[in-house]
Amino acid sequence: MDQQLPAGDGWQRWARTFTAGLWKPAAGRNEIERRNDISTIQRVFPRPMTVFVTQPLGGAGKTMVSVGIGSTFGIHSTLDTLVWDNNETMGSLGIRTNSNGSRTTVCDLLEELPSLQAEHTRKGDLSFYTRHQGNNRFAALISDEDPERMKMIGNIEFNAIRTVVERFYNVVVVDSGNNTRAANWLAALDETDQLVIPVTLKQNSVASMLRMIEQLESMSDLDGTPRYEELCRRAVIVITPGSQRTQADPKERRRLRELVAEAVGNRGHLLDIPFDPALDTGAIIDWQLVSDDTRRAFERVCARIAEGLYLWALDEKKNPALKGTQG
């Protein structure tokens, strides 16, 4: 990012405006960091990329983080972004996003998949089954409210849907369910290019995250492939605020944070999302209402995700063992 651009924030902007441009102090460190992060988010990838937001424990903020990632990529990047609720039962993405009068779900899309797989399919044909989020600038693919219908989606169905949506969306953010043995969860894992793990600083949330990492490392050992272990090593772990009413004491939070930091290691990333009332309603998330601090936190998260996606795409060319089934 060009650091010679005039300052657009902070006292530097005020000084430039007040002196009518006679004094043009350079942009400050915080503004330059933000410019660099936004430039990273705007990176173009060599193929459609999949971000997997997952954590076996409910209440850790998977859907909130997925919406934040979708909004941040949608607003700052020119890439078409889809957030897909891949919950094996009944997810909450439909509650946290605007329906715009639509009642269609991923199961409706699956039933019409044969026609959507045709060569002449247009984005408008697919868009009927998604819900565009207006100024949040991403589309949402919603899980069905009937758990029995969601059982229709296994490994084969997930990949068939993925093949269609990737024709029209460059970044697919998969919001997972809680069952790490479910066929659609494992299918999403096999297509993942970047793992994102939300966690609150509570014992059960941290323990759940660590068990999932152990499961993925064991899967690499059993399969004789570095893919799953490598996804863990490169994971972006997002500490979410959780409920403000049930926070652990500061000493316990420090201890849990150290455990999470140890799990991240040297190659992963550990980032915090501040508490924001606009995200804590349990209802529709309007990105226009979140605080500047929250927006900035998600810009940092998405910049690390974009870095990870780009490096993964390069590294899988060197090491075919990293490729998922899309490879």
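One is the number of the first residue; the rest follow in order along the sequence.
Between Ser291 and Asp276, the side chains place a donor N or O and an acceptor N or O closer than 3.5 Å (distance only, hydrogens not considered). Judged purely by distance below 3.5 Å, without hydrogens or angles, the side chains of Gln117 and Arg167 never pair a donor atom with an acceptor atom. Inspection of the Thr192 and Thr50 side chains reveals no N or O donor paired with an N or O acceptor under 3.5 Å. Defined by atom type and a distance below 3.5 Å, a donor-acceptor pair is present between the side-chain atoms of Thr180 and Gln215. Side chain to side chain, Asn100 and Ser102 fail the donor-acceptor criterion of an N or O pair below 3.5 Å.
Checked by atom type and distance alone, the side chain of Thr294 never pairs as donor or acceptor with a backbone atom of Val290 at under 3.5 Å. A donor-acceptor pair is defined here as one N or O able to donate and one able to accept, closer than 3.5 Å; no such pair exists between the side chain of Thr40 and the backbone of Ala303. Not a single donor-acceptor pair under 3.5 Å links the side chain of Arg234 to the backbone N or O of Glu229. A donor-acceptor contact shorter than 3.5 Å is absent between the side chain of Thr72 and the backbone of Gly70. In this structure, the side chain of Thr121 engages the main chain of Ser115 through a donor-acceptor pair within 3.5 Å. Ser143 places no side-chain N or O within 3.5 Å of a backbone atom of Asn87 that could act as its donor or acceptor partner. A donor-acceptor pair is defined here as one N or O able to donate and one able to accept, closer than 3.5 Å; no such pair exists between the side chain of Asp37 and the backbone of Glu299. The backbone N or O of Thr104 sits less than 3.5 Å from a side-chain atom of Arg131, completing a donor-acceptor pair. Proximity of a side-chain donor or acceptor of Gln133 to a complementary backbone N or O of Asn98 within less than 3.5 Å is detected. In this structure, the side chain of Arg227 engages the main chain of Leu322 through a donor-acceptor pair within 3.5 Å.
Judged as a ring-ring contact (aromatic ring centres under 6.0 Å, His included), the pairs with a partner in residues 33-76 (not counting sequence neighbours) are, in order, Phe52-Trp185. Applying the salt bridge (charged side-chain N to carboxylate O under 4.0 Å, His left out) rule to pairs touching residues 258-268 yields Glu230-Arg267, sequence neighbours excluded. Judged as a salt bridge (charged side-chain N to carboxylate O under 4.0 Å, His left out), not a single pair has a partner in residues 172-188 (not counting sequence neighbours). Within the structure, every pair that satisfies the salt bridge (charged side-chain N to carboxylate O under 4.0 Å, His left out) test and touches residues 76-95, not counting sequence neighbours, is listed here: Asp80-Lys123. Residue pairs meeting the ring-ring contact (aromatic ring centres under 6.0 Å, His included) criterion with at least one member in residues 81-112, sequence neighbours excluded: Trp84-Phe158. Sorted by first and then second residue, the ring-ring contact (aromatic ring centres under 6.0 Å, His included) pairs with a member in residues 195-239 form an empty list; sequence neighbours excluded. For the ring-ring contact (aromatic ring centres under 6.0 Å, His included) condition, no pair includes a residue of residues 189-212, sequence neighbours left out.
Taking CG from Asn159 and CG from Asn184, the interatomic distance works out to 11.0 Å, rounded to the nearest 0.5 Å. Separation of atoms CD1 (Ile239) and CG (Asp272) is listed at 4.5 Å; rounding is to 0.5 Å. One distance of note links CD1 of Ile41 with CG of Leu309; it measures 11.5 Å at 0.5 Å rounding.
With sequence neighbours left out, the salt bridge (charged side-chain N to carboxylate O under 4.0 Å, His left out) criterion links Asp125 to Arg122. Scanning for ring pair (Phe, Tyr, Trp, His ring centres under 6.0 Å) contacts around Tyr129 gives an empty result, with sequence neighbours left out. When the side-chain contact (heavy atoms from CB on, under 4.5 Å) test is applied to Leu289, the partners found at least two apart in sequence or on another chain are Ala278, Asp286. Among residues two or more places apart in sequence or in another chain, the side-chain contact (heavy atoms from CB on, under 4.5 Å) test is passed with Leu186 by Met219. Judged as a ring pair (Phe, Tyr, Trp, His ring centres under 6.0 Å), and not counting sequence neighbours, Tyr169 has no contacts.
Glu252 and Arg255 are joined by a salt bridge, as a carboxylate oxygen and a charged side-chain nitrogen come within less than 4.0 angstrom of each other.
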- Message: For Val51 and Val172: C-alpha separation, side-chain torsions, deciding distance, then whether side chain to side chain contact (heavy atoms under 4.5 Å, CB included) applies.
- Response: CA-CA 6 Å; Val51 179; Val172 178; over 6 Å; no
- Item | Ser208 vs Gln55, side chain to side chain donor-acceptor pair (under 3.5 Å): CA-CA, chis, key distance, verdict | CA-CA 7 Å; Ser208 175; Gln55 149 75 277; 2.7 Å; yes
- Item | Stepwise side chain to side chain donor-acceptor pair (under 3.5 Å) test for Thr200 and Thr240 | CA-CA 5 Å; Thr200 61; Thr240 58; 5.4 Å; no
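In this structure, the side chains of Ile213 and Glu217 come closer than 4.5 Å at one or more pairs of heavy atoms. Residues Val173 and Phe138 have side chains not in contact (no heavy-atom distance under 4.5 Å, counting atoms from C-beta outward). Val238 places a side-chain heavy atom less than 4.5 Å from the side chain of Val196. The shortest distance between side-chain heavy atoms of Arg295 and Trp287 falls below 4.5 Å.
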